[in-house]
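Below: one structure, written as structure tokens.
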Amino acid sequence: MEAAFLTEHFITIDFWSSVQVVVLGMVGGILSGFIGSGGAFFMTPGMMNLGVPGVVAVASNITHKFGKAMVGSRKHAELGNVDKRLGAYLIATSFIGIRIAVWINSALFEGGADGHGSGGSAAGDLYISMVFVCILLAVAISMLRDALRARSPEDDGGPSLRIAQALGRLHLPPYVYFRTADVRVSLWILMAVGLATGYLAGTIGVGGFIGVPAMIYVFGVPTAVAAGTELYLAMYMGGWGALNYALQGFVDIRLTMLLYLGSLVGIYIGVYGTKVVKEILIRIVTGVVILLCVVSRAVAVPAYLRQLGWIEMDPAWDAYLNLASKAMLFAAGMAGCGLILFHVVRSYRQRLRVQHRLTEARGAT
Amino acid sequence: MTQIVCISRGSLSRGRELAEALARKLDYAVLSREDLIEAAIEDGIQVGKLETSMMKPRAFTERLARERDHYLAFSTAYLCQRVTEGPLVYHGRTGHLLLRDVGHVMRVRVVADDEYRVRTTMDRLGVSREKALRYLSEVEEDRRNWARLMYGVSWEDASQYDVVVNVERMSVDNAASALVGMSQLPDFQMTPASRRAMTELSLSARARLSLARDPRTGSCGFSVSAHDGVVTVAYLPHDMEVAEHVPAVLKGLEGARQILATMASTTILWVQETFDPTSETFREVVEIAGKWNAAVELVRYVPDQNGGSPSSPGAYTTPSPARAPATAGIEDDVEEEHEDDGGLKATLDDLARLGRAGGGRFVRGERGSLVATCCGTVPRSLVVVGNLFVGKDPAAKVRLTREMRDALAGSMRVPVVTVDELRSHYLFGRGDALRLVAYLTVILLLYVLVFTHQTEVLDFLLARWPSGTVGSKYLVALAVFGFVPLVAYAYGQVARSMMKLIKME
């Protein structure tokens, strides 16, 4: 992905590219508020499409997540939605997962030729893209399957419990009891989930996609507590990730600041959207947007393979592939946000119409 | 005479025997949970599916939520109907929670010793002791989940009941005799106030049931309340088109003199001693309701002589909203019938005119009564604790209001604010304007500094000091760690204030 570099692996940011990063933050924020999870699945590949090396995109995004979670988790804590003990157990192992992720990402980046995105960051970018594609593909398929199942009259009300039931049959002492969440969980399963969440947060910045479902379906934690605890966890994971990546010199504070400009406003719009869009539509929109993000990232993969010399391809194709990936990503994000905004505006108009009618009726009597 | 006794029975705790013995002695009809479930299934409710979903940790979909609404409406309407036909002993799990707004219900919990239950399970199921223990533990867990998810309460909490009977050392017959004596107390007699509460509960349940049964409105999540013959139906914005059928569906509903439909995304609960639709607080609450697309539910709360505090530490509260204080008898409630309603009706009328009415209720008694009333299954986003304890001196009023706010906040997982906090937290005032300007200045300064010194900033991030020496990477990491939350917090404040300003918070 061609980009001008100002210093080392940090790209030049002009007015146009900063607008694009703000838009990425805005779309990520809207989707984040709408889904109730992080918007990293959109922001990380979006930055990579702008020519930011994968490791810098992940580092800047995890740093962005740190500050955002710090602001958001306070609200959840006030509402009693945070099980700090559960969070503490998960944090301990997630730190190891993040450390592993930072080590792999840094090693792949530094093992490259020149570190300027033309082979140097290709190995890291390919690795990040492949993890992204595999994990997000599973998440998107699972979301869409649940959404379609929920439409069927045979639906019994929720996602499959096969994993929880299978794990429930295993006897893996010692067990730990968590009072706020009111659950008892095997220490080994806790460690595995913490490790996986940390690894994914450190590699692609989307630990919440694993952490929240695991807490709900594997641990049996109530949904609100799972979301609150995940945000609490995200704060520590983000902080630890930011420290580790900053230590390696991969955090681009300019990207983090530009992301905030869009995301902190977008979250409010996304949350408002959940009030006016039906649950089934929320699930379908989320699933489709994530799926398109996955396809968009997959489109960029041949360019990395060529840069590594693993396939033969005309280098001119890199630009086309990047453009196609970028267009698809923006189209997916914009379409999702457009749908949310359409419902928000329609709801406003309907409300005004009803109020007008009520006032008229009152006047007539 | 007592009109209804609700017996909550654990598995194999001899609750059925006790209920039947008590009904014989009082000459009341008996209704079991099994009869109620059978009637619900005949009404088309998938109770089995609902039970399964409650017992397992899975997502509670909209369809299940509608099934739960349908079940709750049906059960409440059915129980109310049976009580109007004659005095009743109901035995099941949580009948008293269906009728929690009705003051004269006598709530009994029956427990038995574990050894008896284990032995009975072993005999009935022909299983080992270990399997019997596991079976009982699973059954109890399922029932606990049911109470928590259906009503948001702990089933085993003794403060939910008027009396807990342990049949370990008392025969069922003697326990029934003791309950007969208790049922004669004035506290458990129907009063005009509790009759009115029962009528309104029945009306709202029948209205909700009609909406659930009708194919035009059955798929929507309505919140229904009734007050003085006025049925208020709140619905979500995405159900707008379906909600147009509400008046037609509820046309001819017995006991309803007016149907109000209010579009709401959520509900704001406003607790106050007397209401005034011309007050500043009314204007502020309506403004927030407008911003949030919310309905406003009113609770008129009149504290007892202790100022709403529990009478003594550790004492059981009486969480029935219409229940009179301990010394109260029929006279008090008769008197209440002629009292003015503290502006409740006038305020509800004005809310209805503005399309924000979420129903209204009256609660008198100690703090626990109000907390129990407020902790329902209706989703709420905010509780406003208004002007309470008006007869107290200012210091006591502040203390009691604060205690009330803390008690509500401890029981409901939503923000609970006093009137003073309302404006500062949720409305854009002068303080917000100043805060916006201050934080905006900080943010502008930070962004201008960073983006006009990009090379220097990036050199710093790479631990290259301007002098050309290589700096400590640890210092860089700590600087990033400290700087990012500062930017997030400052810009978060700017974003929040801006959203408040454009009423999209």
Side-chain angles (χ1 to χ4, degrees), chain A residues 6-8 10 13 18 63-64 66-68 70-71 78-81 146 150 155-159 161 164 216-217 219-224 239 242-244 246-249 251-254 256-257 260-261 264-265 268-269 272 275-280 343 347 350-351 354-355 358-359 362, chain B residues 49-50 52-53 56-64 67 236-238 240 261 263 265-266 290 292-293 352-355 410 413-415 446-447 450-451 454-455 457-459 461-464 473-474 476-481 483-489 491-492 494-496 498-499 504-505:
Chain A
L6 186 62
T7 308
E8 294 275 330
F10 296 128
I13 295 182
S18 47
T63 309
H64 158 263
F66 164 48
K68 199 172 74 170
M70 200 171 223
V71 176
E78 282 171 10
L79 299 179
N81 287 341
D146 281 344
D155 172 48
D156 64 351
L161 281 173
I216 295 172
Y217 301 119
F219 301 172
V221 172
T223 310
L243 267 177
N244 277 278
L247 208 58
Q248 306 289 326
V251 175
D252 188 340
I253 205 84
R254 302 166 307 158
T256 304
M257 290 172 77
Y260 277 136
L261 279 186
L264 291 180
V265 174
Y268 283 95
I269 300 170
Y272 193 90
K275 296 178 182 174
V276 295
V277 180
K278 287 206 174 211
E279 185 190 313
I280 183 81
H343 279 88
S347 154
Q350 280 177 340
R351 198 177 76 188
V354 172
Q355 280 177 347
L358 280 166
T359 313
R362 181 79 178 178
Chain B
K49 192 172 278 187
L50 198 55
T52 311
S53 70
K56 302 292 176 191
R58 57 177 54 198
F60 204 74
T61 60
E62 281 190 46
R63 182 177 295 139
L64 270 174
E67 204 70 34
L236 297 173
H238 57 61
M240 169 76 190
M263 183 166 70
S265 298
T266 183
W292 293 1
N293 219 3
R353 181 175 57 79
L354 296 165
R413 286 184 170 180
V414 294
L446 287 174
Y447 275 71
V450 168
F451 284 91
Q454 289 189 45
T455 312
V457 169
L458 296 180
D459 281 344
L461 289 171
L462 291 166
R464 291 183 197 146
K473 287 181 175 182
Y474 294 99
V476 172
L478 284 175
V480 169
F481 191 77
F483 181 72
V484 167
L486 177 78
V487 175
Y489 180 77
Y491 186 63
V494 171
R496 185 168 173 242
M498 276 165 45
M499 288 296 156
M504 256 204 78
E505 179 215 13

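Every chain is numbered from 1, with letters handed out A, B, ... down the list of sequences.
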What are the two closest non-hydrogen atoms of Arg254(A) and Val450(B), and how far apart are they? CG-CG1, 4.0 Å
Side chain, backbone, both or neither: which part of Val457(B) has a heavy atom under 4.5 Å from chain A? side chain
Part of Tyr447(B) lying under 4.5 Å from any heavy atom of chain A: both
Students often mix this up, so state it plainly: with edges at 30° and 60°, are the rings of Phe481(B) and Phe66(A) parallel, tilted or perpendicular? parallel
Measure across Ile13(A) and Ser18(A) and return the closest heavy-atom pair with its distance rounded to 0.1 Å. CG2-CB, 3.7 Å
Closest heavy-atom pair, Tyr491(B) versus Leu261(A), reported as atoms and distance to 0.1 Å, is OH-O, 2.8 Å
For chain B, find which of Val265(A), Thr256(A), Leu243(A) contributes the most heavy-atom pairs closer than 4.5 angstrom. Leu243(A)
